[in-house]
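Contents: one structure, followed by commentary.
Note that these values count all heavy atoms, side chains included, but never hydrogens, waters or copies made by symmetry. Keep in mind that what you see is a predicted model, and the values were worked out from it rather than measured. Residue numbering restarts at 1 for every chain, and letters A, B, ... go by the order of the sequence lines.
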Protein chains: 2
Amino acid sequence: MARTAGSHSDITGPRIRAAALRLFAREGYAAVSMRQIASEVGLQVGALYNYTPDKQSLLFTLMDEHMTALLAAWQEEPKGAVPEERLEAFTRFHIRFNLERADAVFISYMELRNLSPENFLAVEAQRRAYETALEQILSDGVAQGVFAMADPKVASLALIAMLTGVNTWYRAGGRLSLSQVQGIYWDMVRQMVQAR
Amino acid sequence: MARTAGSHSDITGPRIRAAALRLFAREGYAAVSMRQIASEVGLQVGALYNYTPDKQSLLFTLMDEHMTALLAAWQEEPKGAVPEERLEAFTRFHIRFNLERADAVFISYMELRNLSPENFLAVEAQRRAYETALEQILSDGVAQGVFAMADPKVASLALIAMLTGVNTWYRAGGRLSLSQVQGIYWDMVRQMVQAR
DNA sequence: GTCTATAAGGTGATAGAC
DNA sequence: GTCTATCACCTTATAGAC
């Protein structure tokens with residue numbers, strides 16, 4: 001990646017996306033202007049268009065990067081071979097990863113309606129792939145007789161909603177540590193699927 | 001909102017709020033203009049200000065009415081005396097009520113950041129009252145030895161997130177009826193709290 | 001109660017100088 | 001790569017006629 005010495009192009013792009021992520025999460029995509037983003041980064045508005053063709057692409061890039069990172073991180077997460085170990089790994093992973101990226105999680109749920117139809121389909125496909133990973137763990141457990149539930153598909157959606165909900169109330173430095181929260185949720189998940 | 005005999009204020013007001021609810025849910029508060037709302041109702045924009053002092057009050061009214069209706073409906077919901085019966089009633093009630101008012105539920109979660117500080121506190125207090133109603137059921141069950149969970153407060157937030165999540169995927173006429181969905185979720189909730 | 005007209009200012013995006 | 005200036009249009013809210 002040869003760049004002219006002193007060029008900022010390799011750092012300005014990420015800074016723009018970081019500012020947009022923070023502002024979109026705090027105020028909403030429609031409520032944030034390109035001027036606001038530029039000012040946050042210390043640029044004039046015209047300069048932004050060297051990094052994104054338009055505002056909508058900026059939003060899509062943020063969501064796409066987030067979903068791609070989520071899927072990649074779960075692939076690389078260490079996890080055991082049996083369903084119960086895999087479900088515990090998923091529970092702890094989901095809580096930790098989503099808390100670390102609260103702004104991106106918020107945007108990826110709230111701003112779906114601001115995506116163009118093609119962009120929406122792309123993000124939806126990634127979301128479904130993630131849901132399917134959990135559903136597979138649940139189905140395997142049912143097939144092996146170690147889990148019990150009426151509908152693994154619905155259960156996977158219910159579990160993800162429950163785990164993502166941590167983001168709405170957890171604050172670092174509060175009553176519970178991350179590891180305590182992970183433990184409490186794993187207890188609930190385990191009871192829900194009747195593991196052991 | 002003073003009314004005069006023969007005026008339409010008693011029907012126009014609700015129509016404006018219904019249009020705003022639908023549009024805010026579909027496109028987001030910031031993305032919807034007062035002109036859009038007026039046009040939906042068949043008015044010019046100036047007429048809207050006979051019914052709301054500004055756009056923000058319109059949003060607050062929608063959220064406040066929704067939360068008030070939610071709390072009132074739960075108060076009036078028939079429910080048994082023992083924790084297990086009350087938890088089943090809560091589970092079925094929450095799913096049904098929220099599915100019936102999907103737009104208001106969506107707005108009441110997504111547009112909290114667009115409320116003024118006082119209005120935000122008012123809505124938050126109602127939300128907390130609803131959460132506390134569930135937490136009380138769980139605590140009672142633990143005290144009576146019929147439920148088992150590490151943290152009733154966290155469990156109440158987890159359950160509400162799980163149940164509200166139905167709104168993101170359920171569609172009438174799909175694979176499952178409302179009553180089947182209620183049954184599947186009650187199974188999961190019961191297992192999670194170890195009822196029976 | 002609704003209308004039209006208007007105030008005051010913000011919007012995304014582009015052109016062309018440097 | 002960034003700037004300034006600009007285009008065409010949209011925004012919330014209000015004033016005053018009817």
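Here A/Y29 pairs with A/F24 under the ring pair (Phe, Tyr, Trp, His ring centres under 6.0 Å) rule; sequence neighbours left out. For B/Y130, the ring pair (Phe, Tyr, Trp, His ring centres under 6.0 Å) criterion is met by B/F90, B/H94, not counting sequence neighbours. Here A/K55 pairs with nothing under the salt bridge (charged side-chain N to carboxylate O under 4.0 Å, His left out) rule; sequence neighbours left out. For A/D151, the salt bridge (charged side-chain N to carboxylate O under 4.0 Å, His left out) partners are B/R175, not counting sequence neighbours.
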Contacts under 3.5 angstrom, residues 99-110 of chain A side chains, donor-acceptor by atom type, not counting sequence neighbours:
unit_1: A/S108; atom_1: OG; unit_2: A/A104; atom_2: O; d: 2.8

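Look at CG on A/N114: it is 14 Å from C1' on C/dG12, rounded to the nearest Å. Rounded to whole Å, the distance from CD1 on A/I37 to C1' on C/dG10 is 15 Å. Distance, B/R15 CZ to C/dG1 P: 15 Å, rounded to whole Å. In this entry the distance linking CD1 of B/I11 with C1' of C/dT2 reads 17 Å, nearest Å. Rounded to a whole Å, the OH atom of A/Y49 is 6 Å from the P atom of C/dG12. Rounded to an integer number of Å, the gap from CE of B/M34 to C1' of C/dT2 is 15 Å. Residue A/Q56 contributes atom CD, which lies 15 Å from atom C1' of C/dA13 at whole-angstrom precision. The NZ-P distance, from B/K55 to D/dT11, rounds to 9 Å in whole Å.
The side chain of A/D54 has C/dA13 as its nearest neighbour among D/dT14, D/dT2, C/dA13.
At the phosphate of D/dT2, OP1 or OP2 sits under 4.0 Å from a side-chain N or O atom of A/T12. OP1 or OP2 of C/dT2 has at least one side-chain nitrogen or oxygen of B/Y51 nearer than 4.0 Å. Contact between the side-chain N/O atoms of B/S33 and the OP1/OP2 oxygens of D/dC10 is not found at any separation under 4.0 Å.
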Just the table, please: protein N/O against nucleotides 3-8 of chain C N/O, every pair under 3.5 Å.
unit_1: C/dC3; atom_1: OP2; unit_2: B/Q44; atom_2: N; d: 2.6

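A salt bridge links B/R17 with B/E65: at least one charged nitrogen is closer than 4.0 Å to a carboxylate oxygen. Salt-bridge annotation for A/R96 and A/E77: present, with a side-chain N of the basic residue lying under 4.0 Å from a carboxylate O of the acidic one.
Residue contacts for A/V32: at a heavy-atom cut-off of 4.0 Å it reaches the sugar-phosphate backbone alone, with no base atom in range.
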